[in-house]
2 protein chains.
Amino acid sequence: MRKDLNMLVKIFVKFDGLDEDSIDQFLDIAILKDFKKGELLVREGEVCDKLFFVEQGLVRSFYHKEVKDVTISFSLAGEFITSMSGFITQKPTYENIEALEDCVVLEFGKEKLNELFVREPNWVNIYRQILEEYYVKLEEHLIFSKFKTAKERYYELINKKPQIIKTASIGQIASYLGINIETLSRIRAGR
Amino acid sequence: MRKDLNMLVKIFVKFDGLDEDSIDQFLDIAILKDFKKGELLVREGEVCDKLFFVEQGLVRSFYHKEVKDVTISFSLAGEFITSMSGFITQKPTYENIEALEDCVVLEFGKEKLNELFVREPNWVNIYRQILEEYYVKLEEHLIFSKFKTAKERYYELINKKPQIIKTASIGQIASYLGINIETLSRIRAGR
DNA sequence: TGAATTTTTTGACATTTGTCAAATGACTTT
DNA sequence: AAAGTCATTTGACAAATGTCAAAAAATTCA
């Protein structure tokens, strides 16, 4: 097993039914990649057939709404990320995913994953758990963004993912919170 | 196969790898239930270990926020429904699911489902597809509720699920749209 | 370093949505 | 039908957030 992939190993011990051999099977189909700050992991308009795991760094998922870009999510080291809806439906995605800083990423092709699922039904369950986790997170985010004020949402973000505040721009954070730049600026100024 | 379960059959032909025998396996673990208008399929504070499929009728999922209740979703005939996050995590759920009209529902216990998944790995893939569909829907809903005005959201609901406008109360619809009763009333009045 | 560019903050004001109280309408029960 | 209850609408005003223009601060680049 690749002992240098700290994050992946750390995350996988959470899942049921995984020993070192299983993890090796998974790593066999992974491609280790570097993305420089600003590079795109996923590009809108293309079919997204890859699942990514962030080993190091920070990525942002966003889409374009008229002239602005709107942040969907930030993903830290130790998280899976893809255009989930695009990955599921295999239609051209509206999402972009960019590296907010230099990143080390594991890339899993959908084809290879499906082959693995056929070969090792055990892994379908792992993928299921990833999906489930993804779902619960999205639901939390929905409730978070629907029923809290802009101020509450900002302070909750500071607590939960302080790295983001440091790395992302005001505009990126504002669109994630669903408010405009000026409003966020005022919240930060404490007004 | 139970030919009277129109909706279930209609939905299942969408999924890959399902023949009549497979569907029968699934129905073997299902319990067919009637819920009268107002009855609860899922109750907050309890662990939700059931997945439901709405054969007939309309159900609403909601939770309590202070004194008000907040609608999370409406589910029509032909849709699966449960407290997905509660079902996944097996922690006491904050969700209630109620019948908005008399309903016919198929109930699938989590235990029985897991047994089926072990016995027939094929079914893990079906469950995966249900989860995936759920996820895509939730993501659409998030974008819908985050980046449209109250008015846009209301008219979109009218188009997509007109049955809901007829059956649900103003208060239930308003909280689903994330606005208060008076605002919805004004949108309806065209102001 | 200093000019140019970009990002963030501030101010004045507009718009959207919320709050509270009261009025109206619909439905139930007797 | 009258009284009581509940749901919905309306009005007056308040609070939150958005828009646009300009200023200030930070960053980039020559």
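Just so we're clear, the structure is a prediction, and the values are computed from it rather than from any experiment. First the proteins, then the strands, lettered A, B, ... as listed; each starts at 1.
Whole-Å rounding puts the B:Ile165 CD1 to D:dT8 P distance at 12 Å. Between the CD atom of B:Glu182 and the C1' atom of C:dT24 there is a distance of 14 Å, given to the nearest Å. Across the protein-nucleic acid pair, B:Arg186 atom CZ and D:dA12 atom P stand 11 Å apart, rounded to whole Å. Rounded to whole angstrom, the span from the CD1 atom of B:Ile187 across to the P atom of D:dT9 amounts to 11 Å. As rounded to whole Å, 4 Å separates atom P of C:dG18 from atom CG of B:Asn180. Residue B:Ile181 contributes atom CD1, which lies 16 Å from atom P of C:dA21 at whole-angstrom precision. Going from atom CZ of A:Arg188 over to atom P of C:dT7 covers 14 Å, rounded to whole Å. Note: CD1 (A:Ile170) to C1' (D:dA26) measures 12 Å, nearest angstrom.
A salt bridge does not link A:Glu182 with A:Arg186: every distance from a Lys NZ or Arg NE/NH1/NH2 to an Asp or Glu carboxylate oxygen is 4.0 Å or more. Using a cutoff of 4.0 Å between basic side-chain nitrogens and carboxylate oxygens, B:Lys33 and B:Glu39 are not scored as salt-bridged.
Closest contact between the side chain of A:Ser185 and the listed nucleotides C:dT8, D:dA21, D:dG18 involves C:dT8. The side chain of A:Thr149 sits closest to D:dT17 out of D:dT9, C:dT8, D:dT17.
No side-chain heavy atom of B:Asp28 sits less than 4.5 Å from a side-chain heavy atom of B:Lys112.
Of the side-chain N and O atoms in B:Thr183, one or more sit less than 4.0 angstrom from OP1 or OP2 of C:dG18.
The residue among B:Leu184 and A:Lys148 whose nearest nucleotide of DNA chain D is located toward the 5' end is B:Leu184.
Ring pair B:Tyr94/B:Tyr63 is perpendicular by interplanar angle, where above 60° counts as perpendicular and below 30° as parallel.
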